[in-house]
Protein chains: 2
Amino acid sequence: MKPFSSYKNPALAVDLVVFGYHEQNLSVLLLNRKEAPFKDQWTLPGAFLQIEETFQQTCSRILKTKLGMDDVYLEQLFSFDDPARDPRGRVISVTYYALVNPHKLEIAAGKMANDVQWFNVKKIPALGFDHKKIFDKALQRLKSKILYFPVGFELLDELFTMSELHQLYECILGIEIDRRNFSRKMLVAEYVINTGQKREGLQNRHPELFRFNKKLKHHNFQLNIINP
Amino acid sequence: MKPFSSYKNPALAVDLVVFGYHEQNLSVLLLNRKEAPFKDQWTLPGAFLQIEETFQQTCSRILKTKLGMDDVYLEQLFSFDDPARDPRGRVISVTYYALVNPHKLEIAAGKMANDVQWFNVKKIPALGFDHKKIFDKALQRLKSKILYFPVGFELLDELFTMSELHQLYECILGIEIDRRNFSRKMLVAEYVINTGQKREGLQNRHPELFRFNKKLKHHNFQLNIINP
DNA sequence: TCAAAAGTGTTTGTACTACACCCATGC
DNA sequence: GCATGGGTGTAGTACAAACACTTTTGA
């Protein structure tokens with residue numbers, strides 16, 4: 001084996017798929033590149049890993065400096081290794097996906113550079129690098145994860161109605177779910193807790209507000225929907 | 001952003017968790033290190049990524065040169081980033097797990113260096129680096145994957161009896177499963193196909209031989225066992 | 001003919017599906 | 001009082017769990 005220092009190392013980038021939920025639509029944050037390669041094309045936000053950084057720290061740096069946000073749900077997605085994925089040379093991309101609540105970022109919205117924009121996941125433009133592949137993988141992961149892990153709550157406010165949760169699931173999974181069965185399932189699985197409070201000021205009956213049950217033993221939960 | 005070439009890149013290692021199934025026990029392949037750090041300790045087989053290699057190519061290189069095997073099931077597991085995980089300096093580890101059938105490797109067994117050894121997964125020794133963490137993650141992944149994807153067949157011969165499949169599942173999951181319900185489930189899900197052949201030369205009734213149904217639409221399959 | 005493993009069927013209970021009615025609210 | 005969404009109950013069904021008997025083989 002060669003001595004440790006003689007290896008030529010590829011560059012290591014961290015790229016992020018940031019999901020948000022706006023007006024009953026799942027959306028993703030894209031960045032319009034200002035420099036080559038893929039100048040003026042949309043890409044996922046990313047940065048090169050600095051030698052002393054953990055992946056999470058790189059993620060935080062991207063979120064803070066490029067997007068003006070912090071403290072979000074992050075999960076490692078996959079590492080991409082196509083030797084041709086970056087025209088500048090060999091770059092490995094370690095990817096994460098993030099779930100953010102855009103409401104909580106309204107202050108941050110001002111800080112967001114004007115080359116950053118939310119796109120409905122059903123209408124995303126052509127992406128530079130292999131970022132379409134990364135995005136596809138992230139969406140697929142989110143779809144399957146939400147069936148057995150409380151991952152969707154990160155996209156909602158702390159208090160939410162059953163309809164809001166129901167719509168979120170239908171939107172992410174892209175299928176219809178019977179609202180009555182959905183509600184029962186969420187309650188008997190103790191996935192959510194009824195706060196007793198109600199949402200005021202709506203036109204119709206005031207719906208009850210729920211919060212996520214953080215004490216749940218998640219292993220028990222499974223939404224029996226075959227992943228489409 | 002700094003120019004592309006000015007970044008100092010961490011080294012990039014690929015580490016492998018190679019699972020095998022011997023005499024009704026799940027085992028993992030470990031390598032006794034001949035050089036520092038962790039000299040004379042057991043570790044997962046691994047290698048540094050060469051600049052032009054894909055991850056899969058690095059995996060194949062490790063499998064072939066260190067373990068004398070090739071053409072095995074491989075799946076990317078996770079990327080590990082603890083800055084202190086390697087005492088020599090910053091090394092990112094991209095990990096894969098492999099499933100191999102030790103029967104098919106009996107010729108290869110001779111080629112295997114004598115510092116390579118199978119260990120029962122319930123009795124693995126202390127491991128160097130953060131390899132225990134990696135191993136744990138691999139086992140966990142295998143356990144959950146086997147519930148919804150035909151991943152276990154890679155560990156068996158092409159033809160196998162229902163008992164053998166049943167024992168494999170019990171062994172990996174670490175739980176008891178009713179053999180009659182298990183058998184029915186496998187058959188109605190069309191997960192396996194009865195070949196009509198029987199295994200000869202046993203003391204008792206000759207069991208039927210099955211093969212994995214490669215044409216299965218895997219989405220349909222789900223073994224309803226809550227992951228322990 | 002006996003022991004050991006393999007093959008098969010039935011009953012029971014639970015949980016998901018599908019569906020319909022009443023309730024609260026603002027206009 | 002009416003339109004709109006919110007809350008709840010029930011019958012039917014499908015599937016998984018639990019369980020026992022028969023069959024085949026070598027010794």
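Protein chains get the first letters and strands the later ones, always in sequence-line order, with residue 1 at the start of each.
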Colleague: Please tell me whether A/F55 and B/F80 form a close aromatic pair, meaning their ring centres lie under 6.0 Å apart.
Modeller: no
Colleague: Counting side-chain heavy atoms from CB outward, which of D/dC19, C/dT25, D/dG26 is closest to B/N181?
Modeller: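 The answer is D/dC19.
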Colleague: Is it true that A/E164 and A/R199 have a side-chain N and a carboxylate O under 4.0 angstrom from each other?
Modeller: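 Yes, this pair counts.
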Colleague: Let's go through A/S27 and A/H22 carefully: what are the C-alpha distance in whole Å and the side-chain angles of both, what is the deciding distance for side-chain hydrogen bond (donor to acceptor under 3.5 Å, both in side chains) to 0.1 Å, and is it a yes or a no?
Modeller: CA-CA 7 Å; A/S27 44; A/H22 297 92; 2.6 Å; yes
Colleague: Tell me whether the side-chain N or O atoms of B/R180 pair up with the base of D/dA17 as donor and acceptor below 3.5 Å, since no angle test is needed here.
Modeller: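 It does not, because no donor-acceptor pair links the side chain of B/R180 to the base of D/dA17 below 3.5 Å.
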Colleague: Rounded to whole Å, how long is the line connecting atom CE of A/M186 with atom C1' of D/dG7?
Modeller: 17 Å
Colleague: Given that A/K198 and A/V188 both sit by DNA chain C, which one's nearest nucleotide is further toward the 5' end?
Modeller: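 First, find each residue's nearest nucleotide; the 5'-ward one identifies A/V188.
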Colleague: Starting at atom CG of A/L165, determine the distance to atom C1' of D/dG6, rounded to an integer number of angstrom.
Modeller: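 Spelled out: CG on A/L165 to C1' on D/dG6 is 15 Å.
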Colleague: Can you tell me if B/T95 uses its side chain to pair, donor with acceptor, with the backbone of B/F78 under 3.5 Å?
Modeller: yes
Colleague: Rounded to the nearest Å, what distance is computed from the CG atom of residue A/L187 to the P atom of nucleotide D/dG6?
Modeller: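 Distance check: A/L187 CG to D/dG6 P gives 15 Å.
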Colleague: Quick one: A/K185 NZ to C/dA18 P, roughly how many Å, whole number?
Modeller: 14 Å
Colleague: Got a donor-acceptor pair under 3.5 Å from the side chain of B/D178 to the base of D/dA16?
Modeller: no
Colleague: Any side-chain N or O of B/H206 less than 4.0 Å from the OP1 or OP2 oxygen of D/dG26?
Modeller: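 It does, given that an N or O in the side chain of B/H206 lies less than 4.0 Å from OP1 or OP2 of D/dG26.
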Colleague: Tell me if the side-chain of B/R184 makes a donor-acceptor pair with the base of C/dT10, cut-off 3.5 Å, by modelled atom types.
Modeller: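 Checked by distance alone, the answer is yes.
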Colleague: Just compare D/dG6, C/dA6, D/dC19 and give me whichever is closest to any side-chain atom of A/R179.
Modeller: D/dG6
Colleague: Donor-acceptor check, side chain of B/R141 to backbone of B/Q76, threshold 3.5 angstrom: yes or no?
Modeller: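 Such a contact is found between B/R141 side chain and B/Q76 backbone.
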Colleague: Would you kindly give the CZ-to-P distance between B/R199 and C/dA4, to the nearest whole Å?
Modeller: 21 Å
Colleague: Which of these nucleotides, C/dA18, D/dT8, D/dT4, is closest to any side-chain atom of A/N204?
Modeller: D/dT4
Colleague: Starting at CG of B/L202 and ending at C1' of D/dA27, how long is that distance when rounded to a whole Å?
Modeller: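 Distance check: B/L202 CG to D/dA27 C1' gives 14 Å.
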Colleague: Of all the choices, D/dA16, C/dG7, C/dC23, which nucleotide is nearest to the side chain of B/P207 once you look at every atom?
Modeller: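 Given the options D/dA16, C/dG7, C/dC23, the side chain of B/P207 is closest to C/dG7.
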Colleague: If you assign A/Q203 and A/S183 each to the DNA chain D nucleotide with the nearest heavy atom, which residue ends up on the more 5' nucleotide?
Modeller: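 Here A/Q203 is the residue nearer the 5' end.
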Colleague: How close or far is atom C1' of C/dA24 from atom CD of A/E200, stated in whole angstroms?
Modeller: 12 Å
Colleague: Taking CZ from A/R205 and P from C/dC22, how many angstroms apart are they, rounded to a whole number?
Modeller: 14 Å
Colleague: Is A/S163 touching bases, backbone alone, or none of the nucleic acid, heavy atoms closer than 4.0 Å?
Modeller: sugar-phosphate
